[in-house]
Protein chains: 2
Amino acid sequence: MIRLSTKTRQAQIKEAVLEIISSEGLSKLSTKNLAAKVGVSEGAIYRHFKSKKNILLSVIEDVYRNLVVNQKAISESDMIPPIKLFTFLCKQIKYLINNKGVTILLLSQANNANDSDLKNKLLEILIAQKEMIIQIVEEGINKGVWDKNLDCDAFVTLYMGIPAILNIELVLNKGTFNHENFCNKMFVLLERILKM
Amino acid sequence: MIRLSTKTRQAQIKEAVLEIISSEGLSKLSTKNLAAKVGVSEGAIYRHFKSKKNILLSVIEDVYRNLVVNQKAISESDMIPPIKLFTFLCKQIKYLINNKGVTILLLSQANNANDSDLKNKLLEILIAQKEMIIQIVEEGINKGVWDKNLDCDAFVTLYMGIPAILNIELVLNKGTFNHENFCNKMFVLLERILKM
DNA sequence: TACTTTTGTAAGTGAGTGTTCACTTTAATA
DNA sequence: TATTAAAGTGAACACTCACTTACAAAAGTA
C-alpha cells in the first residue's frame, strides 16, 4: 500500500469525484466507488475528509478558486467592454465543457436543495458571476459603447441562461460540441441587445 | 381502508410525487414517503405502477400533455408573431413557477442521466419546445416583422436559457417572484435581438 | 348467496448507503 | 534503533432503498 500525504490524497479524491460524475453519473458517486477510483479503502477516504458532504463542498470551493477568480481577472482587466464580455463568456463556456462533472454537481445539488451549506456555496458562485457581468455591462454603458437604457439585471439573467441551458444540452445530447462557434453565435445575439 | 380505482390512485400518486419534490426535495422522493403521502402502504403503490421509474415516466408524459400541447395551440394560433412569442414565454414561465416539482424533476433527472427512457422523454419535450419557437420566429421573419439575417438556432438556445436559469434561481432563492414583470423584462430583451 | 377479481396491508428481501471502528503498516524523527 | 504520528485496512455499523411476498377484505358478478 502506497502512503501519500493528506494534501495529495484530497486532490486525488476530488479529481475522482469529477471523473465519476462525468463518466458514470452523479448517482454512482458513492464512497465505495470513490475509494475504488482512488485505489484506496473506504476508510482512508474518511481519513482525509470529514464526510462526503465535505468532499463536495471542497470541490465547489475549488470551482470558486479556479473559475471565479479567473473570471475576476478578466472583468477587472483593461480590455474594451465588448472584448471583455466576449472573453468572459468564452472562458465560462470553455470551463463548463472541460469540467462537465462540476456543472452536473452544481446543478443537481442545487435541485436537491437539502443541504443549505452546499446551496449557499452555489448561490455565492452564481451571485459572484452576476456581479462581474453587471460590472462589465455598466462599464460599457458608462463608456458610451452600449445603450444606457438597458435593464442590466434582466440582461444578466438572460446571460446566465446561456451556461444553464448549455449544461442541460450537454448532458442530454452528450454529443460533440463546437464551443468557439457557440460563443460567437451567442455573443452576436448579446451584442444586438446591448448596442445603442 | 378505502378502496379506489387504479386510475384515481395513479392520479393521486403522481400528484404526491410533485408535492414531495417541490416541498421536500427530490432526494426525499422515496416509495416509502410516496406511500405515506398518498395515505396508503408501499405495496399499494406497486399495485398501480410497475416501478418508481414508471411513475416518473408517467408524470413526464402528463407534462407533455398539459404544457406542450397547450403551447402548440399558441404557436399555431393566428396571433401576430410578437404577441405569439410573448404569450408563449408567459405560459412557459407561469407553468414553471406553478409546477416547480415538475421542472426540478425534469432538470435533475436530466443530470442524473442514468436512464435512457427518462432522458428520451426529456429530450422530446425540450426539442418540441425548440421547434415551436423556431416556427414562431420564422413566421415573424417571413411576415417581415423580424430580421431575416437572424440565426434562428442560436436565438432558440438563448431563449431556452430563460426557463433554465429561472428554475435554478427559484430553487436557490426559494423566495417570492413577480412572474409577469419577469416575462416583460425578458421579452423586451428578446425583441431587441429580433427587430430589424 | 357464492365465487372471482381487484385493491389493500404488513412484513420482509437483499443490495446499497455513509460512517465508524479496532487494528496494522509506513516513514520520519528523537 | 526505538518511538511516534500519520496513513491505510476491511469488517461491521445502523440505516434506507426499491421492490416482493403472503394473505385479508372489499367490490363486482353470476
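To find a chain, count down the sequence lines: A is the first, B the second, and so on, and within it residues start at 1.
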| Of all the nucleotides listed (C:dA10, D:dG8, D:dC23), which has the minimum atom distance to the side chain of B:R47? | D:dC23
| Contact class for B:S30 vs. all strands (heavy atom < 4.0 Å): base, sugar-phosphate, or nothing? | sugar-phosphate
| Could you state the interatomic distance from CG (A:D147) to CG (A:L194), rounded to the nearest 0.5 Å? | 9.0 Å
| said: Can you tell whether the side chains of A:K143 and A:E139 come within less than 4.0 Å, N to carboxylate O? | reply: yes
| request: Look at the side chain of B:E42 and decide which nucleotide, out of D:dG8, D:dA7, D:dC19, has an atom nearest to it. | output: D:dC19
| query | Roughly how many Å is it from CG in A:L4 to P in D:dT9, rounded to a whole number? | reply | 11 Å
| request: Report which part of the nucleic acid B:L29 touches: base, sugar-phosphate, or nothing (heavy-atom distance under 4.0 Å, all strands). | output: sugar-phosphate
| note | From CD of B:E24 across to C1' of D:dT16 the rounded distance in Å is 15 Å
| request: Compute whether any side-chain donor of one residue and acceptor of the other, for B:K84 and B:S77, lie under 3.5 angstrom apart. | output: no
| field | A:H48 vs D:dA6: side-chain N/O to OP1/OP2 distance below 4.0 Å | value | no
| request: Report the distance from atom CD1 of A:I13 to atom P of C:dT19, rounded to the nearest whole Å. | output: 13 Å
| said: Looking at the base of C:dT6, is there any donor atom on it, or on the side chain of B:R3, that sits under 3.5 Å from an acceptor on the other one? | reply: yes
| Length of the NZ-C1' vector between A:K7 and D:dA6, whole Å | 16 Å
| field | Between P of D:dC17 and NZ of B:K28, the distance in whole Å | value | 9 Å
| Can you check whether A:T6 has a side-chain N or O nearer than 4.0 Å to OP1 or OP2 of D:dA7? | yes
| said: Using whole Å, what does the distance between atom C1' of nucleotide D:dC15 and atom CG of B:N33 come to? | reply: 14 Å
| field | A:F155 side, atom CZ; B:M186 side, atom CE - distance, nearest 0.5 Å | value | 10.5 Å
| said: Rounding to an integer number of Å, can you tell me how far B:K52 NZ sits from D:dT20 P? | reply: 14 Å
| message | Once you apply a heavy-atom cut-off of 4.0 Å, does A:I45 come out as touching a base, just sugar-phosphate, or nothing? | response | nothing
| task | Ignoring backbone atoms, establish whether B:T31 has a side-chain N or O less than 4.0 Å from OP1 or OP2 of D:dA18. | result | yes
| message | Using modelled atom types and a 3.5 Å cut-off, is there a donor and acceptor pairing between side-chain atoms of B:R47 and backbone atoms of B:T6? | response | no
| message | Without decimals, in angstroms, what is the distance between B:Y46 OH and C:dT6 P? | response | 21 Å
